[in-house]
Amino acid sequence: MTQHAALIGLGAHLPPRQVTNDDLSRTLDTSDEWIATRTGIRTRRWATPGQATGDLAVEAGHRALKSAGLAPEPGAVDVLVLATTTPDHPCPATAPRVAARLGLGPIAAYDMGAACSGFVYALATAAAQISAGQARRVLVIGAETMSSLLDTGDRTTAVIFGDGAGAAVLTAVPDAAAPGVLLATDLGSDGSGFDLAYVPGGGSREAAAGPVRDPAAHTLTMQGEKVFAHAVTRMADSVTSLLGRVGWAAGDVDRLVGHQANIRILTSLARRLQFPVERLVLNIDRVGNTSAASIPLALTDAVAAGELTAGDRVVLAAFGGGLSWGSIALTWPEIAAV
Ligand code: ACO
C-alpha cells in the first residue's frame with residue numbers, strides 16, 4: 001500500500017551568542033535603522049568559536065525526536081537528511097557524524113546542498129523516500145553556521161545572516177489526508193544565476209589547496225538586489241503552481257511560512273500572491289537569514305507563539321543560492337515543538 005509522509009516532530013536550537021544591529025554598527029558603516037528598515041532584522045545569533053554546524057544540528061535533532069516522542073536510539077529513524085550550505089568539512093558529509101552523535105545506528109545519512117532552499121528540498125526528498133517505501137521515518141535537519149562564510153567587514157552580507165538549526169521528523173502513514181501529510185511539493189532551479197549568491201573558492205573550481213589563495217574567495221558574495229527580485233518571482237511562481245496541484249486558492253491558506261531572507265521579500269511575495277500580510281509567519285527580526293535552518297526555526301517559533309494550530313492550511317516557500325527554490329503544502333498537525 002502507498003505510504004504518505006506526515007510531520008510528527010519539530011525542534012530548533014540557536015547558539016547562545018547574540019549579535020545585535022548595534023553590535024555590528026560599532027565596526028561597520030551601518031545602523032540599526034538601516035538594517036531594520038531594509039531587512040526586518042534586529043538581532044541574530046552567531047556560533048561561538050569552535051561551534052560547528054554539526055553541533056547545532058545534533059541539538060535540533062534531539063529536540064525534534066523528543067517532540068515526536070522518539071528516543072535517540074537505533075531504530076528511531078531510518079534516514080537522516082541534513083540540509084546545509086556550511087558543512088563541518090568539505091569531506092565527508094556532516095550528516096553521518098550527526099547520526100552517530102545522536103546514537104541513531106548505522107542508518108542512511110546524507111547532506112542536501114540547496115543553500116537557503118535546502119530544508120524544503122530535504123523535506124521533499126525525505127517524503128519521496130517514504131512514499132517509495134525506502135524509509136519509514138526520517139529525521140530532516142536544516143542547520144547552518146553562516147557566520148563561518150561571512151566577511152565581517154562587508155556590510156552587504158554581514159548584517160543579513162545568522163546561525164541556527166531546526167529539525168523535523170516525518171513518518172509513514174497510510175492515509176493521504178491525515179494531518180501533517182505533505183500534500184504537494186514543488187522544486188526548481190536556475191543555475192545560470194549561480195553567481196548571484198555564492199562562495200567562489202574552496203570547491204574544485206578554486207580549491208583552498210590550489211594556487212589561488214585569496215581569502216576573500218572563501219566568503220559569501222551576493223548581488224542583493226538581483227537575488228531579491230528572483231526570490232519574489234520564483235517563490236510566487238512556485239507557490240502558485242503548488243496551490244494548483246493541491247487545489248487551494250491563496251485565500252484558503254492560513255499561514256505562509258517563507259524563507260526568512262528579508263521582510264520586504266516576504267511582504268512583496270504576499271502582495272504578488274494576493275495573500276494577507278498578517279498571515280505571514282515572521283521571526284526574521286530575532287534570527288536573521290539562517291539559510292537552510294530558516295523555515296524549521298520559523299515553524300518552531302510559530303508553534304511556540306500559538307501562531308500555528310492543528311488544522312491550519314500551511315504553505316512553506318523557500319528561495320536560495322543555486323538559484324534554487326521550492327514550496328510544500330500541508331495541513332498542520334497536533335504537534336509540540338521543542
Ligand atoms: N548598511 C548601510 N548601507 C548599506 C548596507 C548596510 N548594511 N548594505 C548596503 N548598503 C547600501 C549600499 O551600499 C547602497 O548604497 P549606494 O546607494 O550608495 O550604492 C544602498 O545601501 C542600497 O543597496 P542595495 O543593495 O540596493 O540595498 P537593498 O535595499 O537591495 O538591500 C539587501 C540589500 C538587504 C541585501 C537586499 O537586496 C536583500 O535582502 N536581498 C536578498 C538577499 C537574499 O534573499 N538572500 C538569500 C539567498 S543567499 C543564500 O542562499 C545563501
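Each ligand, and each atom within it, is numbered from 1 in the order the structure gives. Quick caveat: nothing in here was measured; it's all calculated off a predicted structure.
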*Nearest-0.5 Å distance, CZ of residue F161 to CG of residue N289*: 4.5 Å
*Compute the shortest N/O to N/O distance between T39 and ligand 1 and return yes if it is under 3.5 Å, no if not.*
no
*asked:* Any nitrogen or oxygen of G321, side chain or backbone, less than 3.5 Å from one on ligand 1?
replied: yes
*If you have a sec, work out which protein heavy atom is nearest atom 51 (C) of ligand 1 and how many Å separate them, to one decimal?*
C116 SG, 3.6 Å
*Going by distance only, is there an N or O of I160 that falls short of 3.5 Å from an N or O of ligand 1?*
no
*atom 21 (O) of ligand 1 touched by protein heavy atom at under 4.0 Å*: yes
*Can you find a side-chain donor-acceptor pair between R245 and S241 that sits under 3.5 Å?*
yes
*atom 27 (O) of ligand 1: the protein heavy-atom neighbour that sits closest, reported with distance to 0.1 Å*: R38 NH2, 3.7 Å
_Sub-3.5 Å N/O-N/O distance, S31 and ligand 1_ = no
*Closest protein heavy atom to atom 30 (O) of ligand 1, given as residue, atom name and distance to 0.1 Å*: E225 CG, 4.0 Å
_If only side-chain N and O atoms count, and only distance matters, is there a donor-acceptor pair under 3.5 Å linking S25 with S31?_
no
*Using a strict cut-off of 4.0 Å, indicate which atoms of ligand 1 neighbour a heavy atom of I265.*
41 (C), 44 (O)
*Report, in ascending order of atom number, the atoms of ligand 1 lying under 4.0 Å from any heavy atom of T30.*
1 (N), 2 (C), 6 (C), 7 (N)
*At a 4.0 Å threshold, what atoms of ligand 1 neighbour a non-hydrogen atom of G320?*
50 (O)
_Flag for T37-E33: side-chain donor and acceptor within less than 3.5 Å_ = yes
_Check for me whether V159 has a heavy atom closer than 4.0 Å to any atom of ligand 1._
yes
_F319 side chain reached by V232 side chain, heavy atoms, under 4.5 Å_ = no
_Any protein heavy atom at under 4.0 Å, with atom 25 (O) of ligand 1 as the reference point?_
no
*If we ignore angles and hydrogens, is there a donor and acceptor under 3.5 Å between the side chains of E144 and T84?*
yes
*Protein heavy-atom partner closest to atom 10 (N) of ligand 1 - residue, atom, separation in Å*: W34 CZ2, 3.4 Å
*asked:* Exactly one of V314, L316, L269 should register a side-chain contact (heavy atoms from CB on, under 4.5 Å) with L256. Which one does?
replied: L269
*Transitively linked via ILVMFWY side-chain contacts under 4.5 Å: I263 with L273?*
yes
*So, is S291 polar-close to ligand 1, with some N/O to N/O distance under 3.5 Å?*
no
*Can you find an N/O atom of R155 closer than 3.5 Å to an N/O atom of ligand 1?*
yes
_Atom indices of ligand 1, in the order listed, that fall short of 4.0 Å to a heavy atom of A115_ = 50 (O)
*Salt bridge check: are R279 and D254 linked by an N-O gap of less than 4.0 Å?*
no
*Look up atom 16 (P) of ligand 1 and tell me if a protein heavy atom lies less than 4.0 Å from it?*
no
*To which protein heavy atom is atom 36 (C) of ligand 1 closest, and what is the distance rounded to 0.1 Å?*
N262 ND2, 3.8 Å
_Nearest protein heavy atom with distance in Å, relative to atom 40 (N) of ligand 1_ = G224 O, 3.0 Å
*Distance to 0.1 Å, residue and atom name: give those for the protein heavy atom nearest to atom 44 (O) of ligand 1.*
A261 CB, 3.3 Å
*Specify the protein heavy atom at minimum distance from atom 46 (C) of ligand 1: its residue, its atom name, and the distance to 0.1 Å.*
N289 ND2, 3.6 Å
*Quick one: do R137 and D78 make a salt bridge, cutoff under 4.0 Å?*
no
*Would you say T20's side chain and D23's backbone share a donor-acceptor pair under 3.5 angstrom?*
yes
_Carboxylate-amine/guanidinium contact D55 R101, below 4.0 Å_ = yes
*Indicate whether the side chain of N262 and that of R38 have a donor and an acceptor atom separated by less than 3.5 Å.*
no
